[in-house]
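Just so we're on the same page: letters track the sequence lines, and every chain starts at 1.
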Amino acid sequence: MRVSKAFIPTLKEVPAEAEIASHKLMLRAGLIRKLASGLYTYLPVGWRFIRKIEAIVREEMDRAGALELVMPQLQPIELWEQSGRAKIMGREMMRLNDRNERPFVLGPTHEEIITNLAANEIRSYKQLPKNYYQIATKFRDEIRPRFGVMRAREFIMKDAYSFDATDAGANLSYKAMYEAYTRIFHRCGLDAVPVEADTGAMGGSSSHEFMVPASVGEDQMVRCSDCGYSANLEKAECVAENPSELTGDRTALQPREVLTPGQKTIEQVAAFLKVQPCDLIKTLIYEADGKATAVLIRGDHEVNEVKLKNILGCEELSLANAEVIESVTGGPLGFSGPVGLKNVPLVADISVMSMKVGATGANKADTHLMDVQPGKDFTPLKTADLRVAKDQDICPRCGKKVTLSWGIEVGHCFKLGTKYSQAFNATYLDENGKEQIMIMGCYGIGVTRTAASVIEVHNDKDGIIFPYSVAPYHIALLNLNPSVTPMTEYCEKLYNEFQALGYEVLYDDRDERPGFKFKDADLLGLPIRVTVGERNFNQEMVEVVRRSNKESVLVSQGELIATLSKIKEDLLKELC
RNA sequence: CGGGGCGUGGCACAGCUGGCUAGCGCGCAUGGUUUGGGACCAUGAGGUCGCCGGUUCGAAUCCGGCCGCCCCGACCA
């Protein structure tokens with residue numbers, strides 16, 4: 001492509017709306033333009049980039065035996081009512097009616113559609129397993145779209161759905177996708193970390209998220225560099241910490257009331273009682289599906305509501321208001337405690353139960369209890385891991401320390417089990433002619449988010465640094481002075497020659513000053529730059545620069561092709 | 001949905017407590033000089049000041065409503 005004929009509207013200034021590197025650069029390099037919040041046009045170069053990623057995804061999905069198809073974006077809402085997700089995903093779905101006022105949604109995902117298809121088409125175990133995938137637009141009415149295409153309302157996703165006859169088969173399907181994902185992200189130049197995840201609204205038994213470590217990520221993960229344990233924050237397991245060292249015999253201690261006027265928060269109470277937050281037992285009153293429940297957590301910890309939900313087996317979970325707290329505990333908000341608490345189920349985090357002694361609310365205004373001993377002064381109905389993991393926590397697998405970091409979720413694999421196949425009666429006849437329910441899995445990759453992640457990870461102060469594998473073009477060919485005829489003839493020759501050799505070339509043939517072309521080339525970030533300028537041309541030399549490290553070599557015209565293939569090889573090797 | 005901020009040529013911004021033909025830089029067009037890191041000179045095009053209403057002799061500026069955009073939070077496959 002000749003730059004003079006192309007549409008690459010680069011910007012010298014940073015648009016005010018962009019906050020993070022990838023968003024700024026995608027706008028500045030002329031990859032995308034915004035139509036409205038969370039809605040973007042992919043301009044020609046941006047679209048080439050997306051298609052490169054799609055091609056890798058396609059290759060690896062095909063290699064893993066998945067079958068590509070395309071499903072409608074516009075979907076009758078009945079299917080969503082059938083699965084029960086019309087309510088669950090209610091506000092997130094874009095809804096609209098047709099001319100007959102029949103309700104439709106713009107598909108945020110396609111479990112319902114594909115399961116409906118499988119239910120209609122698959123009859124026999126002989127047709128299983130099957131894995132269908134598509135690369136298509138998804139619509140989600142995000143509460144807060146942000147960071148350009150990182151969290152958009154309309155975006156491209158690769159979604160795959162596996163159907164198996166047996167659990168063992170489903171596990172194999174899952175494993176094949178897990179491996180395909182590992183390869184895909186790697187080939188895109190991303191170090192995506194697979195982390196254990198909660199299945200959330202998707203349902204199912206287990207899942208992994210693929211996270212690209214990045215400070216601008218919207219998700220948090222816990223990782224152990226020692227044993228490799230990794231999980232997202234919702235899922236990350238915690239172990240009871242060693243109880244604080246205590247001297248002497250405490251068994252004789254009895255809870256004693258102390259006045260703590262107006263001291264409600266953990267910080268206030270800890271400071272007032274001259275103890276550490278970890279010496280406090282925080283008591284939170286939740287309403288689980290409308291039923292009040294007391295939850296105990298150490299003062300310096302936070303409740304992980306996903307874990308709590310799973311332990312309680314409830315759908316809806318929220319903190320109770322002051323009236324409920326008063327009616328359940330007899331005391332005002334801020335002074336709840338487990339001692340003497342009746343008529344309400346009590347669940348405790350394991351770290352609370354490993355405390356020797358602690359301070360907690362007395363269920364009485366302006367009063368706390370000190371010297372409370374878990375297990376002696378109160379006994380919870382259930383003790384479980386209920387807290388949010390923290391940086392430097394003990395690794396639940398190997399006992400070393402974990403680290404907490406931010407990441408961008410670019411992919412997600414779920415074992416769905418039979419949640420959807422049951423709802424849509426997706427059954428088959430087994431070898432014995434007996435009807436069985438199919439076992440499903442689903443697997444998503446945010447293609448456009450992956451694109452943003454690639455740029456988020458690969459850039460410098462001058463612009464994007466495209467990995468060779470996904471670069472919109474491989475070579476930026478710069479003709480520094482198109483008015484010099486022999487040089488331009490040489491550039492034309494190179495342009496054709498490179499393409500004949502399979503390189504995708506962006507030829508800057510514009511009548512612009514050299515500096516202008518260099519800046520644009522750096523901003524756009526194609527992996528290899530070939531510069532033809534008079535100074536070197538007269539010596540029959542050409543300059544070749546790698547965008548990644550700005551390493552420049554001056555080679556004779558005769559060596560050029562060999563140099564390029566060497567660099568290409570190097571750049572591809574970096575991805576392996 | 002709560003909190004905060006913003007809306008002025010394509011981009012980035014100035015325009016103070018109400019006052020002149022609404023300005024600067026970048027970009028764009030034309031001509032010329034330039035040609036290895038976003039050149040220079042000259043000329044020029046381009047603006048319903050987000051929209052609607054109000055106050056006023058007079059509103060980009062003050063007031064009200066609406067819309068849009070961004071950030072924080074809640075929320076979220």
B:G38 versus B:A12 - spacing of their C1' atoms, nearest Å: 15 Å
Closest to the A:A16 side chain, choosing from B:A12, B:G38, B:A74: B:A12
Nucleotide nearest A:R513 when distance is taken to its side chain, options B:U35, B:G36, B:G73: B:U35
Side-chain heavy-atom pair A:V193, A:F210 within 4.5 angstrom cut-off: no
Nucleotide nearest A:P15 when distance is taken to its side chain, options B:C75, B:C11, B:G36: B:C11
Touch class at under 4.0 angstrom, heavy-atom based, for A:M487 against every strand present: nothing
Base B:G36 paired with A:N536 side chain (donor-acceptor, <3.5 Å): yes
Summary of protein contacts for nucleotides 40-51 of chain B, nucleotide by nucleotide, where a base hit scores B, a sugar-phosphate-only hit scores S (4.0 Å, heavy atoms): ------------
Residue A:R146, side-chain heavy atoms: nucleotide from B:C71, B:G38, B:G37 that is nearest: B:C71
Donor on one side chain, acceptor on other, A:Y161 and A:D159, under 3.5 Å: yes
Just distance, no hydrogens or angles: give the donor-acceptor pairs under 3.5 Å from side chains in residues 88-96 of chain A, sequence neighbours left out.
| residue | atom | partner | partner atom | Å |
| --- | --- | --- | --- | --- |
| A:R95 | NE | A:G90 | O | 3.4 |
| A:R95 | NH2 | A:A86 | O | 3.2 |
| A:R95 | NH2 | A:G90 | O | 3.4 |

N-O pairing of A:E218 and A:R146 below 4.0 Å: yes
Check: B:C76 base within 3.5 Å donor-acceptor of A:R151 side chain: yes
Sugar-phosphate, base or nothing in reach of A:G533, heavy atoms under 4.0 Å: base
Shortest side-chain distance from A:E17, nucleotide among B:G36, B:A74, B:C70: B:C70
Footprint string (nucleotides 23-31 of chain B, 5' to 3'): B base within contact, S backbone only, - free, heavy atoms under 4.0 Å: --BSS----
Base B:G36 to side chain A:E534, donor-acceptor N/O within 3.5 Å cut-off: no
pair A:F516-A:R510: side-chain heavy atoms closer than 4.5 Å: yes
Under 3.5 Å, which donor-acceptor pairs do the side chains of residues 405-412 of chain A form with other protein atoms, sequence neighbours left out?
| residue | atom | partner | partner atom | Å |
| --- | --- | --- | --- | --- |
| A:E409 | OE2 | A:H412 | ND1 | 2.9 |
| A:H412 | NE2 | A:S207 | OG | 3.0 |

Near-ring test A:F537/A:Y490, centroid separation under 6.0 angstrom: yes
Single hit among A:R85, A:Q75, A:Q82 for side chain to side chain donor-acceptor pair (under 3.5 Å) with A:E112: A:R85
Nucleic acid contacts - residues 22-31 of chain A versus RNA chain B, non-hydrogen atoms under 4.0 Å: A:R28
Under-3.5 Å donor-acceptor pair between A:R144 side chain and B:G2 base: no
For B:U33, the Watson-Crick or wobble counterpart (both distances under 3.5 Å): B:A39
Heavy atoms of other groups near A:N549 CG, more than 12 under 6.0 Å: yes
Distance between P atoms of B:C6 and B:G15 (Å, rounded): 12 Å
Validation row: A:V530, A:F498 side chains within 4.5 angstrom (heavy atoms): yes
Options B:G37, B:C71, B:G36, nucleotide nearest the side-chain atoms of A:D522: B:G37
Touch class at under 4.0 angstrom, heavy-atom based, for A:E218 against every strand present: nothing
Sugar-phosphate only, base, or nothing, as touched by A:R449 at under 4.0 Å among non-hydrogen atoms: nothing
Sugar-phosphate only, base, or nothing, as touched by A:K517 at under 4.0 Å among non-hydrogen atoms: nothing
Nearest-neighbour nucleotide for the A:S37 side chain, B:C70, B:G38, B:A74 considered: B:C70
Any residue meeting side chain to side chain contact (heavy atoms under 4.5 Å, CB included) with A:E543, in chain and number order, not counting sequence neighbours: A:R529, A:T531, A:N536, A:V545, A:S552, A:L554
